[in-house]
Amino acid sequence: MATSVFHQPLGTAQPHQHLQNSGFRQEFGHASVKLTFKGFKVETGLSRRGGYSSCKRKFGVIQASASHTSVVQPVSYPPNNSTDELRKKSSEAALILVRHGESLWNEKNLFTGCVDVPLTKKGVEEAIEAGKRISNIPVDMIYTSALIRAQMTAMLAMTQHRRKKVPIILHNESEQAREWSQIFSEDTKKQSIPVVTAWQLNERMYGELQGLNKQETADRFGKEKVHEWRRSYDIPPPNGESLEMCAERAVAYFKDHIEPQLLSGKNVMIAAHGNSLRSIIMYLDKLTSQEVINLELSTGIPMLYILKGGKFIRRGSPAGPTEAGVYAYTRSLALYRQKLDDMLH
Ligand SMILES: O=C(O)[C@@H](CO)OP(=O)(O)O
């Protein structure tokens, strides 16, 4: 049975079909290779100030309808199953979070928020480097914000992936967009990774600070005021979103759209922003509002989580494509890499 999340021809769609298929099984069929796992090593992609390390922390369900011609065929919660039941049944899945590479406004030290600014050359290189780091980790679905810097990062990262599937942006903004972007080959769909863009994953809206220089704003309003705007949990910048407000929409999107995919066994990459990702990490790591304000994410460093037994386990950042460490953690990741090696050699 096809397990693609891409559009199924009209009348053949089965919205919940891939609940039974893990991303790994989907990719390679049932594998039973036995591997020995050694210790692991990860680069500190994030740390908690006074917590994990002294490093500064540098990281409604799209409705599927059998009669609908949507390009995406996502997993949604089965009507009679609670999240808890799904969690119990869930297989293992990888979740990669990556903040976009350096943007032209990061470089100029300007408040960016929801202004749609592209990457710098350095940002492009960071995205490619991020891709090398995750090049052996399975990716079945990609979520990005609606902003180009996150989308560039996701696409550039995927140019490095060893599996060489093609990331394809889904266009669900209108019926025509859906119709006109359909793919009519099952084989081609299988060699593709759907990319869902969502404004809910956007950077927090910085209100009247957008476009202002961060240093000049601090000089004008005082360092403390600007720090409060930038790093408090519930104090919004003038006419903008606080981290709490950003978290409300980003985490709701994660729970409604992304978590069901992970619970169904799909491996997911999210390319987004400093503050939308801080919000999601707050949820995944169960950070308090005090803890999250000290969380800083660097540009272009991928962070890996494993969803296993219904729980998110933070793995840090894959230190590089040849690091044994990351793959030692779970059997499926090790098997996936082994299969890639077999396929490519
Ligand atoms: O300007 C922004 O949009 C963000 C991210 O670059 O800045 P801050 O570090 O204040 O969250």
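None of these values were measured; they are calculated from a predicted model. Values reported hereafter were calculated over all heavy atoms of this structure, with side chains retained and with hydrogens, waters and symmetry mates removed.
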Test: E125 and K122 ion pair at under 4.0 Å: no
Open item on the list: Hydrophobic clustering (ILVMFWY, side-chain heavy atoms < 4.5 Å, transitive) - are L119 and V117 grouped together?
Closed with: no
Closest non-hydrogen atoms of I168 and S192, given as atom of the first, atom of the second and distance, are CD1-OG, 3.6 Å
Within a radius of less than 6.0 Å around CD of E173, do more than 12 heavy atoms belonging to other residues, nucleotides or ligands occur? yes
Could you see if I128 belongs to whatever hydrophobic cluster contains M158? Use Ile, Leu, Val, Met, Phe, Trp, Tyr and a side-chain cutoff under 4.5 Å. no
Is the shortest heavy-atom distance from the side chain of L170 to the side chain of S181 under 4.5 Å? no
Answer yes or no: is there a donor N or O on one side and an acceptor on the other, between the side chain of S145 and the main chain of N202, under 3.5 Å? no
Under a 3.5 Å distance rule, please check whether E179 uses its side chain to pair with a backbone N or O of E175 as donor and acceptor.
no
d(I193 CD1, M269 CE) to nearest 0.5 Å is 7.5 Å
Exercise. Would a distance-only check, ignoring hydrogens and angles, find a side-chain to backbone donor-acceptor pair under 3.5 Å from T120 to E102?
Worked result: yes
List the steps, then state whether side chain to side chain donor-acceptor pair (under 3.5 Å) holds for Q215 with D219.
CA-CA 6 Å; Q215 186 54 51; D219 295 343; 2.9 Å; yes
Heavy-atom closest pair (F312 atom, E259 atom, distance to 0.1 Å) is CE1-OE2, 3.7 Å
(request) Measure the shortest side-chain to side-chain distance between I313 and T330 over non-hydrogen atoms and say whether it is less than 4.5 angstrom. (result) no
To the nearest 0.5 Å, atom OG of S279 lies from atom CD of E248 at 10.5 Å
For the residue pair N275 and R231, establish whether any side-chain heavy-atom pair is separated by less than 4.5 Å. yes
inquiry  = Checking the side chain of S185 only, and the main-chain atoms of T188 only, is there a donor and an acceptor separated by less than 3.5 Å?
reply    = yes
Taking the side chain as every heavy atom from C-beta outward, state whether V139 and R163 have any pair of such atoms under 4.5 Å apart.
no
Do the side chains of Y206 and L277 join up, straight or via other hydrophobic residues, at under 4.5 Å, putting them in one cluster? no
- Item | R178 side-chain N/O to N172 backbone N/O, donor-acceptor pair under 3.5 Å | yes
Audit row: F254, L95, side chain to side chain contact (heavy atoms under 4.5 Å, CB included) steps and yes/no
CA-CA 12 Å; F254 181 86; L95 169 65; 4.0 Å; yes
Worked check of side chain to side chain contact (heavy atoms under 4.5 Å, CB included) between V196 and H257 | CA-CA 10 Å; V196 178; H257 297 258; over 6 Å; no
For G113 and R149, the nearest pair of non-hydrogen atoms, with its separation, is O-NH2, 2.7 Å
| message | If only side-chain N and O atoms count, and only distance matters, is there a donor-acceptor pair under 3.5 Å linking E126 with T299? | response | yes
Looking only at heavy atoms, the pair that brings V195 and P167 closest together is CG2-CB, 3.7 Å
- prompt: Taking the side chain from T153 and the backbone from G101, do they hold a donor-acceptor pair closer than 3.5 Å?
  reply: yes
Quick one: does any side-chain atom of E241 pair with a main-chain N or O of P236 as donor and acceptor, under 3.5 Å? no
- Quick one: does P237's side chain get under 4.5 Å of V226's, heavy atoms only? no
Next on the checklist: Are the side chains of R337 and L333 in contact, using a 4.5 Å heavy-atom criterion?
Outcome noted: no
Rounded to the nearest 0.5 Å, the CZ atom of R204 sits from the CE atom of M245 at a distance of 10.0 Å
Under the 3.5 angstrom rule, does the side chain of Q160 hit a backbone N or O of A157 as a donor-acceptor pair? no
message = Taking I137's backbone N and O only, do any of them form a donor-acceptor pair with H161's side chain (distance below 3.5 Å, no angle check)?
response = yes
Nearest heavy-atom contact between K266 and A93 is O-CB, 3.3 Å
Q) Do I148 and I169 sit in the same hydrophobic cluster, where Ile, Leu, Val, Met, Phe, Trp and Tyr count as joined when their side-chain heavy atoms come under 4.5 Å apart? A) no
Non-hydrogen side-chain atoms of P238 and L209 separated by less than 4.5 Å:
yes
For P194 and D140, the nearest pair of non-hydrogen atoms, with its separation, is CD-O, 3.4 Å
In R278, K311, R314, the residue satisfying salt bridge (charged side-chain N to carboxylate O under 4.0 Å, His left out) with D285 is R314
Taken to the nearest 0.5 Å, the spacing of S289 OG from L243 CG works out to 9.5 Å
The reported gap from NE2 in H100 to OG in S276 (rounded to nearest 0.5 angstrom) is 8.0 Å
- Query: Do K214 and K108 come within less than 4.5 Å of each other through their side chains, counting heavy atoms only?
  - Reply: no
When rounded to the nearest 0.5 Å, the distance separating CD1 of I270 from CD1 of I258 is 3.5 Å
Exercise. I would like to know whether F111 and W229 meet ring-ring contact (aromatic ring centres under 6.0 Å, His included); could you show each step before the answer?
Key: CA-CA 11 Å; F111 285 101; W229 282 334; 8.0 Å; no
Taking atom NZ of K164 as the centre, report whether more than 12 heavy atoms of other residues, nucleotides or ligands fall under 6.0 Å from it.
-> yes
**Message:** Would you say I280 ends up clustered with L147 if hydrophobic residues are merged whenever their side chains have heavy atoms under 4.5 Å apart, either directly or through other cluster members?
**Reply:** no
Any side-chain donor-acceptor pair under 3.5 Å between D187 and Q191? no
Under a 3.5 Å distance rule, please check whether N267 uses its side chain to pair with a backbone N or O of A94 as donor and acceptor. yes
